[in-house]
Amino acid sequence: DQQVKQNSPSLSVQEGRISILNCDYTNSMFDYFLWYKKYPAEGPTFLISISSIKDKNEDGRFTVFLNKSAKHLSLHIVPSQPGDSAVYFCAASAPGNTGKLIFGQGTTLQVKP
Amino acid sequence: DAGVIQSPRHEVTEMGQEVTLRCKPISGHDYLFWYRQTMMRGLELLIYFNNNVPIDDSGMPEDRFSAKMPNASFSTLKIQPSEPRDSAVYFCASSLAWGGYTFGSGTRLTVV
């Protein structure tokens, strides 16, 4: 049972344009959401997060939006750069403050020069 | 800090052999997680430890998989016997009581 889903395996965007990566979840008890970025042959690294009490968090070119009623979050990258080409994982914090994160399948973003 | 250290980086083994993956978490982190990355399921949690104690091993696929954390600075994930479907990238991550994970670089396992 996949509680966190990233339904788009890949996305291709032109440099300078906006990249939008989407993530859906099924468990309404999730209270914290994170995005991780992964380059080939490296481990995922933390990118940005959002608490369930907010609907938006911004950090430079990266903004995460949370729609709790739709159980949906998205990551916006503006403007996209070739160095942003990577696999992006959405993750949700399991209820009960267990420290456990549940990840989606990942979306491969390619930013073309 | 050198970060989370995993070894080996690559492992190729024959079906039926025992495989042991190793992880050294960041000093002071009290959570340690083992994940497996596959195309279908993304990053799949196998097991995690808190203060060296296994908390949730519900993600361990079969009895062929086992994990230990004998002390705060070392953990192993063992597969015995290994099968071709175990081929994947295995990640170890550590974190503080609550905080973002720090992942290791992963071990790419190929079982032939």
Side-chain angles (χ1 to χ4, degrees), chain A residues 1-11 21-27 30-52 57 59 62 64 75 86-109, chain B residues 2-10 21 23-26 28-60 69 88-109:
Chain A
D1 177 29
Q2 195 81 15
Q3 296 187 66
V4 177
K5 299 180 182 180
Q6 294 175 256
N7 293 316
S8 298
S10 62
L11 175 67
L21 296 97
N22 293 303
C23 178
D24 297 295
Y25 61 96
T26 58
N27 191 336
F30 287 148
D31 57 3
Y32 203 75
F33 302 89
L34 307 90
W35 284 94
Y36 279 77
K37 177 178 177 179
K38 182 187 176 307
Y39 291 117
E42 296 182 10
T45 55
F46 170 74
L47 184 59
I48 192 169
S49 63
I50 188 168
S51 165
S52 61
N57 187 28
D59 183 2
F62 302 90
V64 56
L75 174 68
V87 179
Y88 290 79
F89 289 97
C90 169
S93 173
N97 197 25
T98 62
K100 172 179 168 181
L101 293 181
I102 298 170
F103 286 83
Q105 303 96 315
T107 296
T108 301
L109 172 66
Chain B
V4 176
I5 300 173
Q6 290 187 246
S7 63
R9 289 297 307 271
H10 303 274
L21 311 181
C23 175
K24 176 177 168 54
I26 290 175
H29 281 191
D30 48 7
Y31 282 88
L32 184 140
F33 305 84
W34 282 101
Y35 280 85
R36 177 170 67 177
Q37 183 188 3
T38 62
M39 290 296 291
M40 288 298 294
R41 299 183 67 85
L43 284 168
E44 183 183 15
L45 178 64
L46 300 177
I47 185 172
Y48 78 99
F49 297 82
N50 179 216
N51 292 320
N52 314 337
V53 176
I55 302 299
D56 182 352
D57 65 354
S58 59
M60 297 286 261
M69 192 165 185
V89 181
Y90 291 80
F91 288 101
C92 175
S94 69
S95 72
L96 292 171
W98 209 98
Y101 289 11
T102 299
F103 280 87
S105 298
T107 295
R108 179 173 295 277
L109 173 65

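Letters go in sequence order (proteins before strands), and every chain restarts at 1.
Closest approach of A:F89 and B:Q37 over heavy atoms only: CZ-NE2, 3.6 Å. B:M40 and A:Q105 make their closest contact through O-CG, 3.3 Å (heavy atoms, listed as atom of the first residue, atom of the second, distance). The shortest non-hydrogen separation linking B:Y101 to A:Y36 is N-OH, 2.8 Å. Closest approach of A:K38 and B:F91 over heavy atoms only: CE-CZ, 3.3 Å.
Qualifying salt bridge (charged side-chain N to carboxylate O under 4.0 Å, His left out) partners for A:D24, counting only residues two or more places apart in sequence or in other chains: none.
Listed by first then second residue, pairs satisfying salt bridge (charged side-chain N to carboxylate O under 4.0 Å, His left out) with a partner in residues 44-56 of chain B read A:K100-B:D56, B:R36-B:E44, B:R41-B:E44, not counting sequence neighbours.
Of the atoms belonging to B:L45, it is side-chain heavy atoms, and not backbone ones, that fall under 4.5 Å from chain A. With a 4.5 Å cut-off on non-hydrogen atoms, B:R108 does not touch chain A at all. Interface residue A:A41: backbone and side-chain heavy atoms are both found under 4.5 Å from chain B.
Counted within 6.0 Å of NZ on A:K37, heavy atoms from surrounding residues, nucleotides or ligands total more than 12; the atom is thus considered enclosed.
Highest contact tally toward chain A, considering only B:C92, B:A93, B:S105, is held by B:S105 [criterion: heavy-atom pairs under 4.5 Å].
Test B:F33, B:Y35, B:Y48 against A:L101 for side chain to side chain contact (heavy atoms under 4.5 Å, CB included) and you get one pass: B:Y35.
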